[in-house]
Amino acid sequence: MSILVDRDTRVVVQGITGTFGSYHSQLMRDYGTAIVAGVTPGKGGSIVNGIPVFESLIEARDECGAEVAAVLVPGPFVKDAVFEAADAGLRMVVCLVEGVPVKDTMLMKRRLMETGTIMIGPNSPGIVTPGQTLIGFMPGHVYAPGPVGIVSRSGTFSYQVADELTKRGVGQSTCLGIGGDPISGVSFIDILGMFEADAATEVIVLIGEIGRTAEEEAAEYIREHVGKPVVSMILGATAPPGKQMGHAGAIVTAGRGTYVSKVTALEEAGVPVARTAGEVAAMAYDVLRSRTTGDA
Amino acid sequence: MSILVDRDTRVVVQGITGTFGSYHSQLMRDYGTAIVAGVTPGKGGSIVNGIPVFESLIEARDECGAEVAAVLVPGPFVKDAVFEAADAGLRMVVCLVEGVPVKDTMLMKRRLMETGTIMIGPNSPGIVTPGQTLIGFMPGHVYAPGPVGIVSRSGTFSYQVADELTKRGVGQSTCLGIGGDPISGVSFIDILGMFEADAATEVIVLIGEIGRTAEEEAAEYIREHVGKPVVSMILGATAPPGKQMGHAGAIVTAGRGTYVSKVTALEEAGVPVARTAGEVAAMAYDVLRSRTTGDA
Amino acid sequence: MKLLEYQAKELLAEYGIDVPRGSVCRSPEEVAAAWDQIGVLAGGVVLKAQIPSGRRGKAGGIRVVRDRAAAETAASELLGTTLNGFPVGELLVEELVLIKRELYLSVLTDTSPAHPWPLIMISAQGGMDIEEIAAAAPDSLHRVHVDPAYGLHPFQGRFLGRHSGLPSDKQVMLVAAVGAMYRAYWENDAELVEINPLVITEQGSLVAVDAKVTIDNAARYRHKDLKGAEIDSVETRAAAMGLSYVELDGDIGLISNGAGLTMATMDHLALLGGRPANFLDTGERILRGGIADGLSLLLANPQVRTVLINVFGGGVRCDVIAQKIVEAVEALPAAHIPVVATLHGRNDEVGRRILAEAGLPGLRVLPTIDEALATAVLLAKNGAGGPSGADAGRPGGAR
Amino acid sequence: MKLLEYQAKELLAEYGIDVPRGSVCRSPEEVAAAWDQIGVLAGGVVLKAQIPSGRRGKAGGIRVVRDRAAAETAASELLGTTLNGFPVGELLVEELVLIKRELYLSVLTDTSPAHPWPLIMISAQGGMDIEEIAAAAPDSLHRVHVDPAYGLHPFQGRFLGRHSGLPSDKQVMLVAAVGAMYRAYWENDAELVEINPLVITEQGSLVAVDAKVTIDNAARYRHKDLKGAEIDSVETRAAAMGLSYVELDGDIGLISNGAGLTMATMDHLALLGGRPANFLDTGERILRGGIADGLSLLLANPQVRTVLINVFGGGVRCDVIAQKIVEAVEALPAAHIPVVATLHGRNDEVGRRILAEAGLPGLRVLPTIDEALATAVLLAKNGAGGPSGADAGRPGGAR
């Protein structure tokens with residue numbers, strides 16, 4: 001078991017003929033991902049890495065049964081790609097690219113709420129169910145199948161955490177990055193709910209960052225709805241506070257969003273907060289061992 | 001019983017301080033309608049016909065428990081009034097005014113689909129549950145409580161049909177006009193479904209017009225979903241075909257929309273089609289008598 | 001509001017759609033001058049009568065000429081004539097476009113309850129009427145609905161491009177044109193924007209050779225700068241009075257309130273063997289000049305032998321309406337054609353009594369619609385000398 | 001991208017919001033000329049330092065003067081200085097506005113998952129910082145979310161008007177300003193449009209006395225004509241290279257990929273007693289000059305005593321990254337500060353081997369992140385003479 005994707009998930013790559021698209025579709029295919037089609041307007045009929053390319057997502061869906069789209073078109077074209085995916089009735093879109101205007105994401109998100117399409121990202125490293133499928137940029141070899149679910153706002157650092165787990169002999173059920181943009185699709189809460197319901201996930205690793213309030217909301221959710229053990233880490237203990245939105249932005253988050261507020265919220269929800277990748281991996285390892293040996 | 005409205009329906013009039021709004025709110029109140037509030041921006045705090053006026057719909061809802069809005073603002077302001085009603089979570093809006101831009105109605109309708117707010121109109125004569133409540137322009141004295149539900153695209157002609165029924169001693173459960181604009185809120189089908197489920201309605205009178213395909217769709221729906229007897233009339237047997245949308249519009253309706261196509265569709269669905277108000281009233285009367293005396 | 005062809009093209013050109021070089025002319029001299037500007041270069045021009053009606057070609061309203069003299073002659077022949085019922089006062093003189101391929105492209109408001117959204121249609125078979133396309137090549141017709149909350153998406157434009165039958169390089173131009181056309185539709189509250197034919201020229205450009213644009217009348221207040229066809233007809237004069245009027249070929253002039261009641265009255269008259277001379281719905285103007293204005297329109301029609309007023313008062317009170325009728329009939333010349341009136345609805349008894357007590361010899365008041373219609377039919381058949389005005393004395397509140 | 005005050009005001013003025021009469025000046029002479037234009041009439045001007053930073057008043061960047069000489073003097077004092085870390089090169093010289101009442105008004109992107117929509121905020125208590133308002137008069141702050149599918153509705157504008165504390169006649173002006181501000185926000189992909197204070201003048205008009213606008217960088221390609229603050233700082237030079245860089249006050253120069261990993265590395269360094277000199281995320285530039293550009297930025301900082309490169313290859317291959325590191329380090333001057341590198345992820349063993357086999361004396365390669373960080377901390381503490389380059393010889397793939 002796993003959440004959202006498994007070996008049977010049929011993936012279409014939007015923007016497959018670009019440098020990015022062709023490189024990553026090859027890597028994903030090497031990992032074992034069922035990349036069944038690609039889409040690039042104007043390039044329909046061609047073949048990339050043995051994958052048939054179509055003019056539109058509807059054709060890719062009808063001809064190849066694609067159900068999940070990996071969006072690898074440049075930022076300015078992501079909105080069109082995602083609306084096309086919603087229109088084609090795809091189950092999920094994984095938006096890997098950065099540089100998507102926030103206004104576009106706002107509209108995408110509103111539309112996907114209507115169709116029930118799940119969006120990961122934008123600016124997400126992707127999602128991997130080790131040993132089965134990988135949709136994104138993750139280095140496949142650091143993952144191994146196992147009982148830990150990882151949800152992260154960071155990309156590269158989550159690879160490191162998986163690496164530390166795997167080195168300790170602890171595999172992962174599903175790992176995904178929710179994306180680093182101001183507005184993103186699935187939230188910590190959505191994924192926590194899925195891990196809670198997933199039979200294969202025994203421990204959840206949550207990797208947050210300073211800024212905004214997703215971690216505080218996750219902590220509240222964990223307290224109410226998550227029975228499985230959660231261990232966590234918040235990045236940015238030493239980072240200067242973000243300046244992007246200035247004071248008006250700060251007022252919206254109402255004093256939350258700092259390293260301290262996030263750590264406090266998590267600890268109050270019974271979630272231990274590690275300070276390094278090694279530490280968070282060790283925490284997950286210890287929880288698992290204590291459960292196995294019954295000394296919880 | 002009745003559909004959509006009854007004596008307890010708490011109504012707010014949007015645009016109550018206008019000539020139109022104050023005149024009709026008085027008439028409705030005289031009929032017995034529970035007009036609990038009015039809204040006119042800039043006139044909050046005043047009283048019209050003994051009805052308190054508020055700056056916003058939310059205040060009218062919170063202070064007076066308004067649940068249905070009668071929209072009596074001029075056409076250009078209807079969109080704002082209806083979006084405000086949707087935002088305030090009202091159960092229903094009755095758009096009585098004409099002159100609403102079709103683009104505005106398009107957006108209103110899309111929004112109301114999201115909130116589940118029911119819209120009657122625009123350009124509707126309103127809705128009346130005889131002896132209980134009247135929201136609209138209908139002349140109250142021609143109606144009487146009874147077993148006939150009337151749904152109509154026309155305004156004035158439907159009053160005549162009600163008059164003919166009442167003169168024959170046959171009252172009505174609920175009567176409403178769905179509105180004469182190119183795009184409108186509730187459709188024949190919606191109302192047919194409600195009458196079918198309404199214990200007080202024994203016979204349904206459907207009054208259609210030439211143009212567009214609402215009557216053909218209603219006929220199809222009646223065949224599949226309506227067990228109660230339906231009698232009907234289509235206006236415009238001798239009218240020249242509408243020219244509004246030209247040929248491209250005609251292609252969308254694909255040859256339907258004519259007097260003959262509507263009459264044929266209804267008759268094939270087992271719905272008799274009358275030629276005058278007197279005739280359609282007589283049909284309803286006969287159906288009721290045959291049901292009462294058991295000689296159906 | 002219908003835009004004339006040249007007005008529609010000016011609008012589309014503002015949005016970046018290519019249209020032929022052209023000039024609007026009101027005299028043969030202007031046409032000759034336009035020839036010097038446009039014709040010499042293009043080796044020919046098309047003269048197109050600017051009337052708000054389709055099928056101008058079949059009616060002889062479109063002429064191709066290849067020299068200056070022919071242009072002047074054709075202009076003399078066209079200007080001042082009447083085509084499809086419309087006087088020809090303006091000609092659009094356009095360069096002759098060398099057509100390689102003709103497409104059909106339109107956006108219109110789909111009013112069906114299932115999809116009350118803008119609808120874009122394309123066909124690789126242009127030039128014909130859309131109805132002919134639908135009959136002759138239905139598979140060539142492709143449709144896209146646009147969600148008004150989000151607007152047109154590029155992927156939808158590409159879908160239409162793929163079904164244009166054009167090679168990929170031309171599809172890019174087409175997708176841009178679709179976007180421009182949709183913006184023109186949306187931003188101007190159009191009901192219809194139709195480009196037919198949209199052509200690929202021998203030179204490889206994409207040009208709108210004919211265009212139709214109709215603006216939603218209810219939204220005209222938002223587009224005061226938009227100019228449409230100015231038609232001098234009884235219908236437009238009625239519209240200026242706030243009345244909805246359509247002239248028919250019968251002899252019973254009809255005034256009613258509400259489109260449905262008016263149609264019902266027409267249908268009912270026909271059942272009784274009568275022939276309505278018009279559709280006239282006073283709408284909400286009924287108390288604001290609608291009766292008097294309506295009477296003046298009807299009496300200007302020489303076919304009309306009797307007038308029928310059938311009003312059902314909903315929001316409006318019949319006693320007030322009756323007063324308006326009395327005033328309007330009193331203002332008529334002494335020996336006018338008979339007016340039959342019946343009133344129902346709010347305060348109808350009082351209204352009928354007011355009419356009856358006015359004691360106007362030319363006004364007959366009937367208590368029921370059936371009787372009023374029968375009387376009107378009889379009067380029209382027999383001429384003004386039909387049933388006496390005796391009915392007028394009968395109290396309206398008898399029933 | 002932050003707009004300077006005068007750029008923000010120009011934008012708002014385009015949308016119909018009133019701003020004080022003003023002129024941008026770059027010398028005392030220009031300020032004197034502006035006085036003649038503006039000051040004489042108004043009886044005074046405000047000189048405002050144009051820097052992309054708030055709290056300019058507290059830093060002395062805003063001066064009110066009432067004659068020409070004082071204006072020149074103030075200009076001389078301000079121009080060329082540095083305020084809040086920004087050099088003052090431009091002054092906005094504005095007429096003195098007689099303020100009757102100050103409001104706060106802003107629209108910004110709410111990024112919360114529950115309401116990822118534009119948010120408009122108003123307070124009848126303007127002039128103070130929004131944070132001060134929220135603390136001092138929280139009840140005065142009112143909010144409206146705008147559904148991006150339908151845009152701002154008049155009833156929402158009126159809601160804000162009612163909470164502006166203004167009398168009804170002024171509310172109408174305010175509602176218009178809210179609409180204009182929202183359009184400016186939406187049409188320009190702004191993250192924030194803030195007018196504070198928005199004032200009612202003694203003359204009764206509504207004027208934006210200060211304005212802040214920030215544009216979403218990801219959308220700047222859609223607004224090429226929009227000009228923002230041009231700041232010459234190491235951060236903006238880094239941004240021009242496609243690198244995300246923030247200078248801190250430590251001594252360990254850091255290069256990493258991914259904001260999260262970079263922050264994690266900083267935090268981890270701090271745990272080990274180290275002090276990062278910067279945040280530097282190469283992002284997707286890692287293979288396109290990111291390493292070499294990053295090194296050049298770091299080495300320009302005299303505080304830096306050692307450089308730590310910590311990369312986790314996801315999409316990118318560590319062997320390619322290693323090659324880039326070798327090239328960048330080889331290009332450094334002979335006796336440079338030590339560079340500590342560690343690579344993980346895709347092809348990391350090959351990558352570490354390439355680094356080791358390059359045999360560069362100034363480059364230390366560590367197999368684990370923990371070791372690499374510890375080494376960097378030690379090197380920074382001990383200076384360049386720390387642990388020998390011996391580690392560099394240790395094969396990267398040992399584990």
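Quick note on labels: first sequence line is chain A, next is B, and so on, each numbered from 1.
- Interface check for chain D: of the options A:A277, A:S154, A:A237, the most heavy-atom pairs under 4.5 Å are formed by A:A237.
- In this structure, D:I369 CD1 and A:T276 OG1 are separated by 9.5 Å, a value rounded to the nearest 0.5 Å.
- Heavy atoms closer than 4.5 Å to chain D are found in the side chain of A:R110, but not in its backbone.
- Note: A:I210 CD1 to D:D267 CG = 8.5 Å, rounded to the nearest 0.5 Å.
- Taken from OH in A:Y159 to CZ in D:R346, the straight-line distance is 8.5 Å, to the nearest 0.5 Å.
- Listed here is the closest heavy atom pair of D:M263 and A:A239: SD-CB, 3.9 Å.
- The 12-atom threshold is exceeded at OH of A:Y221, counting heavy atoms of other residues, nucleotides or ligands nearer than 6.0 Å.
- In this structure, D:P113 and A:F188 have side chains that are not in contact, with every pair of non-hydrogen atoms separated by 4.5 Å or more.
- Proximity to chain A (any heavy atom under 4.5 Å) is restricted, for D:D147, to the side chain, taken from C-beta onward.
- Interface check for chain D: of the options A:G278, A:G99, A:G236, A:G75, the most heavy-atom pairs under 4.5 Å are formed by A:G236.
- Residues A:D104 and D:R222 have side chains in contact (heavy-atom distance under 4.5 Å, counting atoms from C-beta outward).
- Chain D forms the most heavy-atom pairs under 4.5 Å with one residue out of A:V100, A:L235, A:I234, A:T105, and that residue is A:L235.
- Contact of A:P182 with chain D is made through backbone and side chain together, with heavy-atom distances under 4.5 Å.
- Counting heavy-atom pairs under 4.5 Å between each of A:E209, A:Q160, A:M138 and chain D puts A:Q160 at the top.
- The minimum heavy-atom distance between D:A219 and A:P101, with the atom names listed, is CB-CB, 3.7 Å.
- Expressed to the nearest 0.5 Å, how far NE2 of D:H268 lies from CZ of A:F157 amounts to 9.0 Å.
- Chain A forms the most heavy-atom pairs under 4.5 Å with one residue out of D:G258, D:G315, D:A149, and that residue is D:G315.
- A distance of 8.0 Å separates CD of A:E164 from NE2 of D:H344, quoted to the nearest 0.5 Å.
- From A:D163, atom CG reaches atom CG of D:D348 across 7.0 Å, with rounding to the nearest 0.5 Å.
- Looking only at heavy-atom pairs under 4.5 Å with chain A, the residue among D:A259, D:P118, D:A270, D:G283 that has the most is D:P118.
- Residue D:V311 does not touch chain A at all, counting heavy-atom pairs closer than 4.5 Å.
- Looking at A:V102, both its backbone and its side chain come within 4.5 Å of chain D, counting heavy atoms on both sides.
- Heavy atoms closer than 4.5 Å to chain D are found in the side chain of A:E217, but not in its backbone.
- With contacts defined as side-chain heavy-atom distances shorter than 4.5 Å, the pair D:D216/A:K103 does not qualify.
- Residue D:F279 does not touch chain A at all, counting heavy-atom pairs closer than 4.5 Å.
- Of the atoms belonging to D:N257, heavy atoms from both backbone and side chain fall under 4.5 Å from chain A.
- Using a 4.5 Å cut-off between heavy atoms, D:I133 does not touch chain A at all.
- Within a 6.0 Å sphere centred on CD of A:E220, heavy atoms belonging to other residues, nucleotides or ligands number 12 at most.
- D:L248 touches chain A through its side chain: at least one heavy atom from C-beta onward sits under 4.5 Å away, while N, CA, C and O do not.
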